[in-house]
Novice: 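Starting off with a structure, shown below.
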Amino acid sequence: MKKQLLAVAIAALTCVAAQADTIAKVKGSGTITMGVRDSSGALSYTLGDGKYAGFHYEVCQRIIANVEKAAGKKVEVKYQAVTSQNRIPLVQNGTVDIECGSTTNNAARQKDVAFVLTTFVEEVRIAVKANSGITSIAQLKDRNVATTTGTTSVQLLRKHERANGIDFKEVFGKDHADSFLLLESGRADAFVMDGQILAGNIATAKAPADFKIVGEVLNVEPIAIMIRKDDPAFKKLADDTVRDLVKSGDMAKMYDKWFMQPIPPKNTRVGLAASDATKTAWANLNDKPAEDYAKK
């Protein structure tokens, strides 16, 4: 019995070790699984029929091209739609090899996963209907505020110094599109989320002019591509890919393509210029967590 348990334990450890060596895993299987989001603004979104697009989706494509070079073979890319709730477990257990969505790099998550060098720095904001009269946190008192299950946005709102004494009710969407629908349908008075996600959902709404982004910046957060922990070879490959994209100017061109130009499927324009914080991240590439950004 002890020998059987030992064999099972060794097999489990071997499996974990194999998962941690992503390049070897991909070379052996000939496939790599990319975690994608259905409605994470221009970072990652679905085109329908199993197709995806976006800024982080394209950055991941560049990383995978370098994985193919390292593996010495053409690799089949499989797509796994992930949510705010399951994205970290799916990376940890090996279902997803690289998550290309809108995940905030923070200290708590760094205990479970690793992050590629920061490619986007987000400002958490509030979206409302343009005719709502809401312009600040204080006006959310006794209102319904939408957030997406598994995200930290409403927690940030509650912790904001200007939210002291402001009582509101949370309503939850299963994904960002669902949360925006809560606002669009009137079931929520505001939607608190990353600014680019808000801008992306507004841009693709039936009547974009009916919505606006208002209020104080709730937080500044580094958004990065997520991979498994303890995989130095894959992290180096991914980090070097990001460095090369920044150095060549391709990163800025890709940002312009997804955030400043019309994008499929509706040829709408998000219209969100790269923030100073994002440009600073490119100029000083690092994988520091959000807590470092909060330091005064």
Side-chain angles (χ1 to χ4, degrees), residues 34-65 77 79 81-82 98-103 118-131 146 148 173 175-185 191-214 217 221-225 241-242 244-246 248-282:
M34 182 194 297
V36 286
R37 299 295 296 269
D38 283 343
S39 58
S40 282
L43 288 177
S44 177
Y45 64 96
T46 182
L47 294 170
D49 296 327
K51 297 179 180 178
Y52 292 85
F55 177 60
H56 269 172
Y57 172 87
E58 187 167 352
V59 173
C60 279
Q61 283 185 314
R62 300 293 189 96
I63 292 172
I64 290 171
V77 182
Y79 302 107
V82 300
I98 183 167
E99 192 262 349
C100 312
S102 55
T103 302
T118 298
T119 42
F120 185 87
V121 181
E122 184 61 272
E123 293 180 341
V124 179
R125 301 288 301 279
I126 303 167
V128 298
K129 287 190 175 180
N131 63 1
T148 303
D175 56 29
H176 299 316
D178 193 39
S179 296
F180 186 77
L181 181 60
L182 292 172
L183 173 64
E184 194 171 32
S185 64
F191 175 22
V192 179
M193 189 47 61
D194 300 350
Q196 70 84 24
I197 291 174
L198 298 178
N201 278 276
I202 289 172
T204 55
K206 295 175 183 177
D210 288 351
F211 305 92
K212 61 181 179 180
I213 298 173
V214 301
V217 173
E221 301 180 347
I223 309 297
I225 290 162
T241 302
V242 170
D244 290 344
L245 288 171
V246 170
S248 68
D250 283 352
M251 187 71 75
K253 291 177 183 176
M254 288 162 60
Y255 186 98
D256 182 78
K257 170 185 174 181
W258 293 105
F259 288 96
M260 301 304 294
Q261 304 301 322
I263 59 176
K266 298 180 180 179
N267 288 322
T268 52
R269 180 175 170 272
V270 175
L272 191 70
S275 66
D276 289 341
T278 292
K279 291 177 181 177
T280 298
W282 294 345

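All figures in this text were calculated on a predicted structure; none of them were measured in a lab. In this chain, numbering begins with 1 at the start of the sequence shown.
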Novice: List the residues meeting side-chain hydrogen bond (donor to acceptor under 3.5 Å, both in side chains) with Asp256, not counting sequence neighbours, and say none if there are none.
Specialist: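 Partners of Asp256 under the side-chain hydrogen bond (donor to acceptor under 3.5 Å, both in side chains) test: Gln261.
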Novice: Give a yes or no answer on whether the side chain of Thr46 reaches the backbone of Gly48 with a donor-acceptor pair at less than 3.5 Å.
Specialist: yes
Novice: How far apart are the closest heavy atoms of Ile213 and Gly195, and which atoms are they?
Specialist: CD1-O, 3.9 Å
Novice: Check the pair Phe191 / Thr148 against side chain to side chain contact (heavy atoms under 4.5 Å, CB included), numbers first and verdict last.
Specialist: CA-CA 9 Å; Phe191 175 22; Thr148 303; 4.1 Å; yes
Novice: Calculate, to the nearest 0.5 Å, the distance between atoms CD and OG1 belonging to Glu123 and Thr278 respectively.
Specialist: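 Those atoms lie 8.5 Å apart.
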Novice: To the nearest 0.5 Å, tell me how far Cys100 SG sits from Glu58 CD.
Specialist: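 That separation rounds to 11.5 Å.
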Novice: Mind listing the closest non-hydrogen atom pair of Ile197 and Asn201 along with its distance?
Specialist: O-ND2, 2.8 Å
Novice: Near Asn131 CG, under 6.0 Å, is it more than 12 heavy atoms from other residues, nucleotides or ligands?
Specialist: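 More than 12 within 6.0 Å, yes.
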Novice: Hey, could you give me the OG1/CG distance between Thr103 and Asp194, rounded to the nearest 0.5 Å?
Specialist: 9.5 Å
Novice: So, the side chain of Asp49 versus the backbone of Lys51: is there a donor-acceptor pair under 3.5 Å, distance only?
Specialist: no
Novice: Looking at residues at least two apart in the chain, or sitting in another chain, which of them share a side-chain hydrogen bond (donor to acceptor under 3.5 Å, both in side chains) with Ser102?
Specialist: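 If we apply the side-chain hydrogen bond (donor to acceptor under 3.5 Å, both in side chains) test to Ser102, skipping adjacent residues, the hits are Ser40.
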Novice: Kindly compute the distance separating CD1 (Ile98) from CD1 (Ile63), expressed to the nearest 0.5 Å.
Specialist: 4.0 Å
Novice: Please determine whether a side-chain nitrogen of the Lys or Arg among Asp250 and Arg62 lies less than 4.0 Å from a carboxylate oxygen of the Asp or Glu.
Specialist: yes
Novice: Just verifying a value: how many Å separate Ile225 CD1 and Cys60 SG, rounded to the nearest 0.5 Å?
Specialist: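 Here the interatomic distance stands at 3.5 Å.
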Novice: Check whether any side-chain heavy atom of Tyr57 lies under 4.5 Å from a side-chain heavy atom of Val36, and answer yes or no.
Specialist: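 Tyr57 reaches Val36 side chain to side chain.
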Novice: Leu272 and Trp258: side chain to side chain contact (heavy atoms under 4.5 Å, CB included), yes or no, with the steps?
Specialist: CA-CA 9 Å; Leu272 191 70; Trp258 293 105; over 6 Å; no
Novice: Kindly give the heavy-atom pair with the smallest separation between Ser185 and Lys129, and that separation in Å.
Specialist: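 So the minimum-distance heavy-atom pair works out to C-NZ, 4.5 Å.
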Novice: Identify the heavy atoms of Arg269 and Ala203 that sit nearest to each other, and give their distance.
Specialist: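 Taking Arg269 first and Ala203 second, the nearest heavy atoms are O-CB, 3.8 Å.
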Novice: Are a donor atom and an acceptor atom from the side chains of Thr204 and Thr268 found within less than 3.5 Å of each other?
Specialist: no
Novice: Would Phe211 and Phe180 count as a ring pair (Phe, Tyr, Trp, His ring centres under 6.0 Å) here? Give the steps.
Specialist: CA-CA 10 Å; Phe211 305 92; Phe180 186 77; 4.9 Å; yes
Novice: So, for Pro264 and Tyr45, which heavy atoms are closest and what is the spacing to 0.1 Å?
Specialist: O-OH, 2.6 Å
Novice: Does the side chain of Met251 reach to within under 4.5 Å of the side chain of Phe55, using non-hydrogen atoms?
Specialist: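 Result yes, sub-4.5 Å side-chain heavy-atom pair found.
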Novice: Could you tell me whether the side chain of Val242 reaches within less than 4.5 Å of the side chain of Trp282, counting heavy atoms only?
Specialist: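 Side chain of Trp282 against side chain of Val242, heavy atoms only: no contact under 4.5 Å found.
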Novice: Is the closest side-chain heavy-atom distance between Arg37 and His176 below 4.5 Å?
Specialist: yes
Novice: Shortest non-hydrogen contact from Gly173 to Asp178?
Specialist: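 Residues Gly173 and Asp178, closest heavy atoms: CA-OD2, 3.3 Å.
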Novice: Go through the structure and list residues passing side-chain hydrogen bond (donor to acceptor under 3.5 Å, both in side chains) with Tyr255, not counting sequence neighbours.
Specialist: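 For Tyr255, no residue satisfies side-chain hydrogen bond (donor to acceptor under 3.5 Å, both in side chains) once neighbours in sequence are set aside.
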Novice: Examine distances only and state if a side-chain atom of Lys212 and a backbone atom of Ala127 form a donor-acceptor pair shorter than 3.5 Å.
Specialist: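 Checked: no pair found.
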Novice: Taking side chain as C-beta onward, heavy atoms only, is Gln196 less than 4.5 Å from Val270?
Specialist: no
Novice: What I'd like to find out is whether the side chain of Val217 reaches to under 4.5 Å of the side chain of Arg125, using heavy atoms alone.
Specialist: yes
Novice: Can any side-chain N or O of Thr119 pair as donor or acceptor with the backbone N or O of Ala224 at less than 3.5 Å?
Specialist: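 Answer holds: no.
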Novice: Counting N and O atoms only, with roles assigned by atom type, does the side chain of Ser44 sit under 3.5 Å from a partner on the main chain of His56, one being a donor and the other an acceptor?
Specialist: no
